[in-house]
Structure formats: structure tokens, C-alpha cells
Amino acid sequence: MQRIGVFVCHCGSNIAATVDVKKVAEMALLEPGVVHAEDYQYMCSEAGQARIQAAIKEKNLTGIVVCSCSPRMHENTFRSAAEKAGLNPYMVEIANIREHCSWIHKDMEEATKKAVILARAAIAKVNLNAPLKPGESLVTKRALVIGGGIAGIQTAIDIADAGYEVDIVEKTPSIGGRMSQLDKTFPTLDCSACILTPKMVEAAAHEKITIYTYSEVEAVSGFVGDFTVDIRKKARYVDSDKCTGCGVCQEKCPSKKSLSEFNRGLNTRSAIYTPFAQAIPNVPVIDTDACIKMKTGKCGICEKVCQAGAIDYQQKDEIVTQKYGAIVVATGFDTIKLDNYDEYAYNQSKDVITSLELERVMNAAGPTKGHLERLSDGKHPKEIVFIQCVGSRCADNRGKSYCSKICCMYTAKHAMLIRDKYPDVNVTVFYIDVRTPGKNFDEFYRRAVEDYGVNYIKGQVGKVIPQPDGKLLVQGADLLDNKQILKEADMVVLATAIEPNPDVRKIATMLTASIDTNNFLTESHAKLRPVESPTAGVFLSGVCQGPKDIPETVAQAGAAAVKAIGLLAKDKLLTNPCTAKSDQLLCNGCSTCANVCPYGAISYEDIEVNDHGIRETRRVAVVNSALCQGCGACTVTCPSGAMDLQGFSNRQIIAEVDAICR
Amino acid sequence: MSHVNKAKQIKEISGVNPLKCMKCGKCSASCPSYNEMDIKPHQFVSYVQNEDIESLVASKSLWKCLSCFACVERCPRDVKPGKLIDAARQLVVREKGQTYLSPDEVPELLDPETPQQLLVSAFRRYRR
Amino acid sequence: MSIENNNEFRPKIVAFCCNWCSYAGADLAGSSRLAYPADVKIIRVPCSCRVNPMFILRAFEKGADGVILCGCHPGDCHYTTGNYYARRRMTLLFSMLDYIGVENGRTRVEWVSAAEGVKFSQTMNEFVEKIHSLGKNVRLGDLRCKN
Amino acid sequence: MQELVSRAKELLANGTVERVLGWKAGDLPYNPEPAYFYVEEDFDNFVYNGFCGANLSKYMIEASKMEGKTLVFLKPCDTYSFNQLIKEHRVDREKAYIIGVGCKGKLDIEKAKKAGIKGIESVAGADMSDACDTLTFQTIYGEKTCAYADVMLERCHVCKGKEHVISDEVIGESNDTKDAERFAEVEKIEAMSPEEKFAFFQKELSKCIRCNACRNVCPACSCRKCVFDSTKFDSAQKANVDSFEEKMFHVIRAFHVAGRCTDCGECSRVCPQGIPLHLFNRKFIKDINEFYGEYQAGADTDSRGPLTNFTFDDVEPSIVTERG
């Protein structure tokens, strides 16, 4: 039997004016287990807490109920007060007689009655409370960053600067990501490579950062503070230690017909290649699908020309297993496929391109060496049409429901750069809305209109019709003039919607991080915990969480780093003790609970049991208390009632129900 | 029937929720009969939303729409003005006793250049 | 309604509120002094998905006249998915109660965010009114009666 | 039937299986019961006919713990239960050799008795090799016949089909016995007024003697310890007749198996009081189909059950009130 003390707070007159606190204390004494009851002006004050502590010691209390304000306010206060008096903090329950009683009722008799019942429920619950102890788990002081774009690089640098080891895993042969493909950046128009390359070099040179390029995360196990990750280092067929990055192999390679991924397939590359000149590491990889030696056994030219002897056709994939305390996802984005948008003729004409492709066309290292040319015939265009919101803001199932956020600004940038470099080119932008929230953003867009004479037309384009003479007939609407417009263009640029990198689904599943219908990773709280995944120890950086531009990405990358550092700085983690617990005697091992667990906290073990003299092996659920957040979804789904939630057990809740309905 | 009811009826017949429109104008940009119309396809949506059905059914546009459904196909918001126009037409047809044209009115309106197929499909549409 | 009249029906109403949204919403209703009848007693649970249908039936068994479950709005669950499971469970449970002839207004689910003090108070007022109109819960108490 | 026996003996002899799970003749011509067969002589008692309604999948939970493989005969509808048990890791596929047996509809002797056929001494026309269209009873009052379908279990009138969803081999033909709508009975109740519904269920549930036969036979009710026998919910209160479980037992039991119940109909078959317990389960199945899309428990071994799944725009519980 418990020895329970009940402490009724007046909260000045907040409670006492409407609730007869003396009566509540008096009635509480009649409840089973209650050996002490008192009321006091301010229970949360130091004097109030001292009274509680004194009673705990004097009367050997095993549990206490404080009738006061909301537990959201002072539960922790009373728990730590109890703990200081030697009582387990989880033997404290709060009856909320302020927010849920005195403040909403006027009649004293009625409010007092209700307060008595609320106290009764709390007493009934505390009668069934058991002391709980937070668990402890160790923290591995190393972070993993998945994705080596600007988000991943920034996060890694920030974590490494705080003194922790960081590994970056990047799928492609070089870090740099989308930003490395951009020509200029808004709203300052500085060159993307000029600001990105130093960051790439800094990451590569950082003594605390290890970069795994051409590598993918293969498996993740463990939990916050103690993840174990398998990283597959795909075979490059080039020894990174020996390669000097001279580039002769790429020059001499006879297989030069593969489409360049980096240039969005607008030109070709050799079978042995680095994606771009400033690639880090500057070590090529061999594309086995294109390599003549790999396909036929003949050739081997790269091996012959390599002075460093770095070519190794026998290289195999390698699995690196590493432990991490924190994982940051920075998997970025891609543009959507335009197969559903026949009306824009993207698949019919080479001169209809996406904005990302235009970035490559404008770039000095791109397929046209930076000259603005039609990709069909290399001619200089005179008339360029930009179409906004291609696949963004779509309620149908062809595109994405969200605004891709960056298109308005980069289109203004493109328009401006073209008009600046080629004043003879007319630029028309068809838009639905121009969205420019951001520092100096609207000014930037207005400059495009006012200083550079870009023709903005409010209205969408219905159709792009390739003409026999190679021109593109653009049929659009001008909603302000209420006119339909037919415009002959030489090039059409589509502001294509962006979507999370499709690989993120696989990664999210491995991390048990949740993902929304658009494949964006879900944050723990949309406003207050925007860079944390609901899965403890997993953080979000960049566009994998939602559309953003570079400054926002960098800011979020830093924020994710700080959260990761906050975790790595701890030696041990205290875990919430109100976790689910499976009764092995009752568990059927049916796996239903694991299906509803949002944290992947439930696993199954085969245990040897002796059941009435029969030895058998039984599959039972085991809850990892470091991962469990205590939602209780499993407890209800469990058909046998084997799963229960500590601190909110079935019997405790039923006792409260009974006390209220008595 | 009040304006409100008519607007409601159009929404019901078409299954269209005009509130979903984000006024991008892709319908008007797609419309092959745009220049013939007095009320433009994107305006159809706001007329229904504002419950100004009188103007809508009195408009030339109602009978200029070819039901090519380019706007239905391309509308990014699932608003589909073509369906609204079709519904407005049905409203008129219903009020005219299921017939917009009586057969004896037809010869006078005929253009000898008009292909037979078009006539047949027109009858299919206007005589429900 | 005055409480001096002892013959007046005072329903027993149990409200399960999730800790993160609805309990906080109830707190906000309190601090905003938005009154609702004292018949409603709140039980705090970590998440709407913690509420076992057995708890609800238990409440009726013990004489409750109405049971309401409040949780975070779909999509806003603190545990990301808890309320989705709760939604399915409660839909099926309520449908079953309706099927066996229990008045379907006695149970309710309402999504109340931490910012919706007004909604919490309104919901409780409406619910109590509904239970008043249904009167005392006898059917669940009498479901199995040997005749 | 001989084919089943000879195949079983063969598999025993060549060591493929250690034992056979089938049906043996009971003390009456119409009450065969589940039994294990280990050696040739055991098969003298083996029987498989229209009265072998018992679903053997649940026995495989225990059989899965035994040494070696067990041969089990499963009718088409039984295989759904078996699949569901695989999904819940309750049976071991590797430990089972499944012979799918043909089924021409299973019989409910109570229906024959109600039709006035009493004092039954023997029954003909319900064997595997029979066409199963007419039944001939030898009774102490003389020979009586009736149409096979008239004596069929309710579940066979709404048969899920002739296909075995899991098996190692199939022996025997099956008949199409479906001649009624699966949810017709549920719909009839749904159409009643609340008062009528309540009266209907109060009458039915008042018959319950809490013998637990429904629970014991149910393949989904396979918990090691039932919550009604556990102290964890304060629901085990056998002493008090007006207790929680007394009133809510069937509702809670149906909820516990919701999404997992394959609608095998065993609960109704075994109820000594003739309570149509399947009406609870089938209501849940109907609701699940309507609210969350068609779902047949046991149709596969890996999909998520409807109660461990969700979509963002699932119906709200208020649908119950709104649909009127």
C-alpha cells in the first residue's frame, strides 16, 4: 500500500477564490492510501516545496499528489522537489484544479466538487505508480552527414569546427551538389563556383572531416547517440591515393559518348571522368557501362597513359562500418520529370530547356562554353520566353502541390543576366504570381523589370508549338490586358518544379525518419523544431526538408549542425522513462506493435522460456527505451495487452476513469 | 431560380469547385476560341464564383467553346473551366425544354462549308 | 442551470486529452477563462493513440454518459502518426457502438490544437449539451441483461 | 477421402512430416473433431466430409513448436487464417506441409434439426466424392432427405472462393456455394432504428453463457493470455455477473480481431447458444472496406492491416453520425 500525501495549492486566490481548498484536502484524506493532506498559499514557492519535502520525510510518503495548476506548468518543479526529499520523481502526480477547474467555473460548490474528483483521479493513479528511472545511453562523438551539397558541406564544417569528427557520404564522384551546377546566384549575382569551391576545399582539408564520395549509405541500425551505419564505397577503378588528378586519362579515353550528368545530359563526357574541373576529390571514376575495357576486355588506354599507375580495373566495392552519435540528412533535390507536360514540348524540341539546364548553358564550363545558344542549331536566340510554375502549385496529379520557392528569383536572375550580356535579346516571363519575400529580393526582381526591360506578363502559357522553321510558337494569356498572346520564341525556359532527391525515401526508411506525401522529410515541429526529425538523433539540412534557396539552406545547415553538436557534446543521454514495455509472458510476438511504432523502437527477440515445464523458444517484442518516445500507439494495437506504457499504464488510466465515474 | 441556386447547380453539374482556381490563366492561354469569346475562359470561373450566371448564359462564349477540353486537360488546379462552360450550356438547354435549337431553325443557320461531323456532334451536345 | 436542483441530470463526462495539443488547449481555455460545464473531467494521455477503446467502454460501464477524445489535428501529432491510428480506431469503435444501438452522440473525437482554447471550450459546451439532450446513458449499462 | 489418407500415409512414411493434423470421427455421425495422426493405424478414424467445418489453422500454433513438420489439411477459407497467422509470426511456414483440401460447403447440423430431422443415425451425401446437392439421413424415424444447401453453414453461403491462398498441394474438388451477399445481414441491422438494433443485440448477447468457445476456436484470438484473463485491465472479474467483461466481451473481442479476422465464421459455428457472433466481425470488415478500401485479412502475408495503417485523409469518426 502506498503512503500518499496530498498538497492543495491556493495559488493566491486563483484557486482558493473558487475552490474550497480546505474541503479538497479534507476529502482527499478519505481516499485509499492517503496519509497526509494539507493546503498552502503557494505550493510552488520555496516554502511550499519545503512543506512537501518535510511531509515526505516525516510521514515516509511513497507518493504525492499536488492539486495545483497545470502539470505543463509545474510538474517538473514538484518532481525535482520530491526527488530532493528522496522520493522518486515519477511518484508525483498533479491534479489540475486551476486551468481545468477554478478558472472556468464560478460556483464554489460546483468547482469544489470537481476539484475533489480531479484529486481523487490523481490519487487513484498515484496508487498504481511505480518508481521510474531514466535510462542512460552513451554518445558516440562522431556525426554522419548524408549528402555533399552546400547543405551537407556547411553542416559538416560547422560540426567539425566544434571539434567533432564528421563523415560526409556523397553519392556522386564529387561533393558540391546542385550549387556546383549553378552559374550565378541571386540576389547578388556572384559566381556560384567562386563561393562554393572554397567551402569544398575547406571541407576536404579539414582534419576532422572525412569525405566518402561515390558512396552510399547501405544500412543504419541503432539509435540516438549510437547509430551504426554501413557505407558502400563504390569501386572507382582508380586508386585515390595514387591518382594525381592530371586528367590525361580523360583526355585519351576513346569512349566519349556518355551523357554528362553534371551538364544535365546536354553534352558528353568520357567513360573515365570527373564530373567537373573543380571536383573534390579530383579523382576520376570509370563508368563501367561505357568503358570499353570493362565491356570487351580490350582497350586499357587509361591504364597505359596513367603515369601514377592509379588505374585498377579489379577494384571492388567496399563496405565501411562506422558508429555515429548523430546523423544529418542533406540529400537535396532534383527537378521533376516533365513527361506529364506535353504542352510545353520539352521532349519535342531541344530549344525548350529547364532552368537548371539554362544554368549549364550560361556557364563558361558548360556545353556551350557559356555562350547563349539554341541547343538545336547553335544559333543565337533573339526571343526567349520563360514559363513559371511548371509543375509547381498543381492540384492535379501531374505536378507538385507546393510552391518550389526559388523559381521566381532565379528566373529574374536569368532574365537579368541575359539582358545584361545580350541587350539584343528580348526576354518575356509568363508568371502567375511573382513571389519575392527575402532580403533584397523584391528590389532584385524590380531591377529586372525597370533597369533591364524584362517583359513580365501575368498569365500562364497554354502551349508551346514547335514550328517547321525551328521557332517555338508560344500561346499564352495576358490576364491583365485580357488578351491571348501568340509569341514566336527562339528558346523557352521552364521553371521546373523541384522535388526531394528520390533516393531520400530509401534513406528515410533506413533511419525510420518520417516523410510527407511529397517526399520531404518531416520536421519534429513545424515551427519550434524545424531542423530535427521526429526520430531522435536525426537532423535535417537543406531542401530535403522543404524548398529553400542557398542562404536559407546554409542557415538551416548551421542550425542542424548546432543541434547535432548539442547532442555530441553530451557524454550520456538520459532517456524518458515513460516508455513502452512489453510483458514477455503475454507477448505473442505478432509484430503488430512494430508496425505502428513511429520510431522503430520495437524489435523482436527469440527467448528461451520454460513454460510449465515445457522449454520453448518464443518470439517477443523488446522496446528500446532510448528510441521510444512514449506515445503509446503500440499499447493499444497489442491484441494481448502485453505492451504497456510506464507512467500511463492501462491500470493507471482505468483507475482514473473509475475515480471520475465513481 | 435564384442566382445562388443557379451557381450551385452549375457547380453540381460540373463537379467543379471554383475556389480552387489560382487565376493562372492557363485555360485562356490554351483556348483555341479565345478571340471569339466575350467572357474569357478564366473569367468563367469568377463569374460562377460571383454567382453572375445571367451574364454567363447570355454570353457569346457559351456557344463558342468547342469543348476541345484543352483547358480541362491542362488546368493545374483541377478547376477545369471547360466543364463549367459545359454545365452552363446544359443549364440553358434544360430551361429551353431540352432543346436549344429546333430542327426547322437549322437550315437557315447552316454554312455549306460546315462539315457533317460537326453538325452531328453539335446535335449530340445541344439536344440532351 | 442551477445546481441546487438535485433532481437535475448532471452528466458524467470523461475527456481524454493528448498532452501536447488538446491538454494544452484545455489549459488555454482555462487561462482565457472560457467556461464550460464542470461535468467534464479531463484525463491526460501522452497521445490520442494511447486511448484504448477499452478505456472508453470502461467509462461507460462505470456510469459515464459521454466520452470525448481530443488530440492534435491530423498532420500535427507530436509523435507524427499517433492521431491517424486513433482516428481509425475510434471511427470503427463508434461505428460499432452505433451498430449495437448505442446513441452515437455519446462519443466524439475532436482535434484541438494547443492554440485552440476557444474551440476546446466550445466543443465541451456543445458536447455537454448533446449529452443533456440524450439523457442518462442506460443502454451501455444494460447491453447484456438476462431476460 | 482415400486420396487424402494415402497421401498422408505416404508423407509420413517418407519422413516428410512427423504427424498429420486432420479430423477424426466423433461419437455421432455429424461431429468429427480435429485430431493428430501419427501412424498408419490412426487413420482408421480419419474422416473428411461436410461436417469437418473445424478450421485447423489455429492448431498449427502449437504444432509449429513441435519437432519436424506437420501435415495439415486446410480448406480454402482456412488458408486465409493460416496466412494471417504467418503474418503475425504465430505459425512457422517451414513447419507446415499444407494440403489444400477441396470443400463443397460445410454443414450445420442444427439447421437439419430445426428442419425436423431428428434421431439421426447416419448421413450420406456429404463425402468428398459426393456431388453434395442432396443429403440423405437415416434416422430412428426412417429415411429423410433434404437439399444440401439448406443445411449449409451461413459462412458457406457467402463463401470467399474455391482458391487456397497458401498450400503445398491441393487435393479434391470444391463447389461454388456462394448464393448470398456477404454483408446483407449486416446491412439489415444497419437499417434498423437504434432501439431495434439495441433490442436485437441485447436479446442475442443475453444468451451468452461466457463459455469462451468463440474465443477458443478463433484463429485470431490466439493470444497467449487473453486480456480478459489478465489483471492488466482490471477486466478479469469473474465473480461479478454485472462486470465489465460480461457486457463488453463480444464488442471488445470483435475489436481485438478487427483487421485480423478473416471472417472464417468459426465463432458462430461453435457457439452453443447460437449467437450470430460473425455479425460483429463482419460489421468491422464492412466498415473497413468502406472507409479504408477493400481488405481481406489473410489474403497475403505481408501487407499492413487496416488498423496498423492510415492515410492522411482518412474519414473522421464523425462519419458515424453524419451518415445518419
Side-chain angles (χ1 to χ4, degrees), chain A residues 336 338 340-346 385-404 407-408 428-435 456-465 473-487 489 492 494-497, chain B residues 11 14-50 52 55-56 58-86:
Chain A
I336 64 163
L338 290 169
N340 289 334
Y341 287 94
D342 274 348
E343 67 259 40
Y344 296 125
Y346 176 75
V385 167
F386 285 84
I387 305 175
Q388 297 295 84
C389 297
V390 173
S392 297
R393 307 170 68 191
C394 283
D396 55 11
N397 47 19
R398 296 200 296 167
K400 302 291 175 186
S401 59
Y402 49 85
C403 166
S404 295
C407 324
C408 286
T428 306
V429 178
F430 283 92
Y431 70 96
I432 305 173
D433 301 290
V434 178
R435 297 178 165 177
Y456 270 78
I457 298 177
K458 177 164 171 61
Q460 251 297 10
V461 165
K463 199 168 165 74
V464 176
I465 310 143
L473 187 63
V474 178
Q475 185 187 355
D478 183 334
L479 297 180
L480 298 181
D481 282 356
N482 220 1
K483 276 194 311 210
Q484 195 176 57
I485 293 176
L486 281 174
K487 200 172 192 64
V492 170
L494 307 176
T496 311
Chain B
K11 287 181 216 168
S14 61
V16 164
N17 174 8
L19 291 178
K20 290 184 83 178
C21 176
M22 64 172 172
K23 314 212 184 323
C24 70
K26 194 158 180 175
C27 42
S28 284
S30 300
C31 183
S33 304
Y34 183 92
N35 291 331
E36 311 283 321
M37 292 188 172
D38 44 2
I39 298 178
K40 309 300 186 189
H42 69 276
Q43 293 175 294
F44 263 80
V45 183
S46 36
Y47 273 80
V48 174
Q49 207 175 314
N50 299 332
D52 184 3
S55 316
L56 205 56
S59 72
K60 276 200 285 178
S61 306
L62 206 59
W63 312 102
K64 293 295 177 187
C65 166
L66 300 170
S67 293
C68 72
F69 282 1
C71 54
V72 172
E73 191 65 27
R74 292 176 199 157
C75 174
R77 303 295 304 173
D78 247 0
V79 179
K80 309 183 173 180
K83 290 198 166 176
L84 284 177
I85 297 172
D86 219 29

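Proteins get letters first, then strands, A, B, ... in listed order; numbering begins at 1 in each.
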> Nearest 0.5 Å, what's the CG-SG distance between A/L479 and B/C24?
Replying inline: 8.0 Å

> What residue, out of B/C71, B/G25, B/A70, has the most heavy-atom pairs lying under 4.5 Å from chain A?
Replying inline: B/G25

>> Check this for me: B/K11, atom NZ, are more than 12 non-hydrogen atoms of other residues, nucleotides or ligands nearer than 6.0 Å?
In response: yes

> Who passes ring-ring contact (aromatic ring centres under 6.0 Å, His included) against B/Y34, sequence neighbours left out?
Replying inline: none

>> Around atom NZ of A/K400, are there more than 12 heavy atoms from other residues, nucleotides or ligands closer than 6.0 Å?
In response: yes

>> Please report the interatomic distance CD(A/Q460) to SG(B/C27), rounded to the nearest 0.5 Å.
In response: 10.5 Å

> Of the non-hydrogen atoms in B/S30 and A/G462, which two are nearest, and what is the gap between them?
Replying inline: OG-CA, 3.2 Å

> Taking all non-hydrogen atoms of both residues, which atom of B/A29 and which atom of A/A477 are closest, and how far apart?
Replying inline: CB-N, 3.4 Å

> Is a side-chain donor or acceptor of A/Q484 paired with a backbone partner of B/N35 at a separation under 3.5 angstrom?
Replying inline: no

> Can you find a pair of side-chain heavy atoms, one from B/K23 and one from A/D433, that are under 4.5 Å apart?
Replying inline: no

>> Looking at A/R393 and B/R77, would you say the former's side chain and the latter's main chain have a donor-acceptor pair under 3.5 Å?
In response: no

> Between A/Y341, A/F430, A/Y344, which has the largest tally of heavy atom pairs under 4.5 Å with chain B?
Replying inline: A/Y344

> Is a side-chain donor or acceptor of A/R398 paired with a backbone partner of B/C75 at a separation under 3.5 angstrom?
Replying inline: no

> Who among A/S392, A/C389, A/A395 has the most heavy-atom pairs with chain B under 4.5 Å?
Replying inline: A/A395

>> To the nearest 0.5 Å, what is the distance between NZ on B/K26 and NZ on A/K463?
In response: 11.0 Å

> What distance do A/D396 atom CG and B/E73 atom CD have between them, rounded to the nearest 0.5 Å?
Replying inline: 9.5 Å

